[in-house]
Number of protein chains: 2
Amino acid sequence: MSERIEKLDSKSPIPLYYQLKSYIEEQIETGVWEAGTQIPSELELSEQFNISRTTIRQAIGDLVNERKLERIQGRGTFVSEISIEKQIERVSGFSQDMRMRGLVPTSDILNFEVVKASPAVAKALKINEGDDAILLKRLRKGNDKRIALEVVYMDYKKYKDFLSVNLANESLYEMLAKKFAVWPKYSQQVIESIKCPAEEAELLGIQKGDPVFYFHTTAFDQYDEPLEYTEGYYRGDRYILHLTNVINPSSQSK
Amino acid sequence: MSERIEKLDSKSPIPLYYQLKSYIEEQIETGVWEAGTQIPSELELSEQFNISRTTIRQAIGDLVNERKLERIQGRGTFVSEISIEKQIERVSGFSQDMRMRGLVPTSDILNFEVVKASPAVAKALKINEGDDAILLKRLRKGNDKRIALEVVYMDYKKYKDFLSVNLANESLYEMLAKKFAVWPKYSQQVIESIKCPAEEAELLGIQKGDPVFYFHTTAFDQYDEPLEYTEGYYRGDRYILHLTNVINPSSQSK
DNA sequence: GATGTCGTGTTGTTACTACAATTATAGTCT
DNA sequence: AGACTATAATTGTAGTAACAACACGACATC
């Protein structure tokens, strides 16, 4: 088992460096290469797989960027102690967020209609004030407990077909990817800690004035166009924000 | 002025690719290459600076990683529309945070002593419960307005000399870099939205029960060792959290 | 004991080459 | 006009080569 090496397939349409990258990721994820340990040197890998050092470095460089590996000149390449990656992936909407916390996400749709864009919505979606916008108001639950109240706005011109879909239990992002071939590339959030207004408090089942997170989030698609704008009230007693901040995003080469 | 090209210095100890990277960053930051526009092709840059395409690609690859450029096969390389980078740098402690918001950070030191580590502190700093820990309690202000109450804990064994320094107006991180040659590499935060307790409310000049952000932050140094653990209460009416979440951290090569 | 030197192993930098894959455009054919 | 084709331009992948920079241990020297 040990000297039997899965040779990489140079005839495959998948690039060699990518195959090697997958191999290394597998070694890390299965624990064959434990956190903190040194991986084989570039020369060793080059001989082992019979591919050039250029290709080895490309695979390792990618993984260094993703913070799964760390290179130290003169010493070697090591498996990162802490996988920051997992924490960063937090940001993929409510459904994924809940699943990551081990909760089952569900939603009650309170409102689903076309409205005129308010100034805030228009600005976020880069449309004109008064233009048509899709409004989707949902009470969001984790394991059937009320967690948040979210109102999503989208550009009606772009996503009018969207009104016909059923998304009671489906992730908005998963649906958008399937039906419209768009997906979020990044999102910008503004988060406040406020007293919950009366109307929202009632829907969330808390007292007026109880502390809540108030999110304004604009998600951008792969073309850097606004995808959706969301305002959300998250119960302070049931929702905690976890963040990992990377101070100095190091480059591929250093 | 236009055909006069700053030649890169191959005799400099600074790598060529890094010099080129700096040059490109300068072009972007000064607006010579505007957002969305195509930069010269790799071949053009190679001829212009008389360096190999390998080196060009390394510089561009770094900048693609930092999301300042985007490469599209068959089309070219373009300046990113939105500089996410600026938002990511948010995370460097209160002083830098305030400065980034255009406010002048100051602090009142309320307490600065050695205490026995509580379970939470011990766990965060990876020391034993009851071990000595440095406690630094500060009322933090922006433009002389009270913003937050922060309590920093550090390992006394590692940073005992720290007790003698004066940091009324200096950033903790800047001081640590100068005196101890350590700096934060990343931090993990847990953020809650809670009702402010009575004691903290009084110090912050708000009413008991007003909403505040409650932060627990552990910062790790360049060796992945815990550097400091901070608990902070941030006034909800004066502090807003801005986040940019990158959904799919793409690799250097794609 | 402290310091310096040297050899080995490792990653870092740079150059050269060749071909593949993709995109856009110009041109041709129907 | 529309569909297809060829070509050019551009980035992507892969190889080879050489030397630099750095870390570290072994050993010698002071």
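Treat the numbers as computed from the prediction; the structure is a model and nothing was measured. Lettering of chains follows the sequences in order, A, B, ..., and the numbering in each one begins at 1.
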In whole Å, what is the span from the [atom1] atom of [X] to the [atom2] atom of [N]?
X       : N      : atom1 : atom2 : value
A:Asp62 : D:dT13 : CG    : P     : 9 Å
B:Ile56 : C:dT13 : CD1   : P     : 15 Å
B:Gln58 : D:dT11 : CD    : P     : 17 Å
B:Ile14 : D:dA20 : CD1   : C1'   : 16 Å
B:Arg71 : C:dT23 : CZ    : P     : 16 Å
B:Leu43 : C:dT17 : CG    : P     : 12 Å
B:Phe78 : C:dA24 : CZ    : C1'   : 11 Å
A:Glu42 : D:dG15 : CD    : P     : 14 Å

- Which word best sums up how the rings of B:Phe162 and B:Phe112 line up, parallel for under 30°, tilted for 30 to 60°, or perpendicular for over 60°? perpendicular

Would you mind telling me which of [options] lies closest to the side-chain atoms of [X]?
X       : options                : result
B:Ser52 : D:dG15, C:dA15, D:dT11 : C:dA15
B:Tyr17 : C:dT13, D:dT11, C:dT11 : C:dT13
B:Pro15 : C:dA15, D:dG12, C:dT13 : C:dT13
A:Leu16 : C:dA15, D:dT11, D:dG15 : D:dG15
A:Arg75 : D:dT11, D:dA23, D:dA14 : D:dA23
B:Gln73 : D:dT10, C:dA21, C:dA15 : C:dA21

Should [X] and [Y] count as an ion pair when the cut-off is N to O under 4.0 Å?
X        : Y        : result
A:Lys116 : A:Asp132 : yes
B:Arg71  : B:Glu42  : yes
A:Lys185 : B:Glu70  : yes

- Any side-chain donor-acceptor pair under 3.5 Å between B:Tyr186 and B:Gln188? no

- Ignoring hydrogens and angles, state whether a donor on the side chain of B:Thr230 or B:Glu228 is under 3.5 Å from an acceptor on the partner side chain. yes

- Item | Pair of N/O donor and acceptor under 3.5 Å linking D:dT16 base with A:Thr54 side chain |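 Indeed there is one.
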
- Message: Let's test your reading of the pairing rules: Watson-Crick or G-U wobble, both distances under 3.5 Å, then write DNA chain D as a dot-bracket string with ( ), [ ], | and dots.
- Response: ||||||||||||||||||||||||||||||

- Note on the structure: Ranking B:Thr77 and A:Ile72 by the position along DNA chain D of their nearest nucleotide, the one closer to 5' is B:Thr77

- On DNA chain D, check which nucleotide each of A:Tyr18 and A:Arg53 is closest to and give me the residue with the more 5' one. A:Tyr18

- Query: Taking only side-chain nitrogens and oxygens of A:Thr55, does any of them come within less than 4.0 Å of OP1 or OP2 of D:dG15?
  - Reply: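 Yes, such a contact exists.
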
- Query: Distance-only, no hydrogens or angles: does the B:Gln189 side chain make a donor-acceptor pair with backbone N or O of B:Phe215 under 3.5 Å?
  - Reply: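 Not confirmed, B:Gln189 side chain does not pair with B:Phe215 backbone.
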
- Query: Do side-chain atoms of A:Ser46 reach the backbone of A:Ile51 as a donor and acceptor pair under 3.5 angstrom?
  - Reply: yes

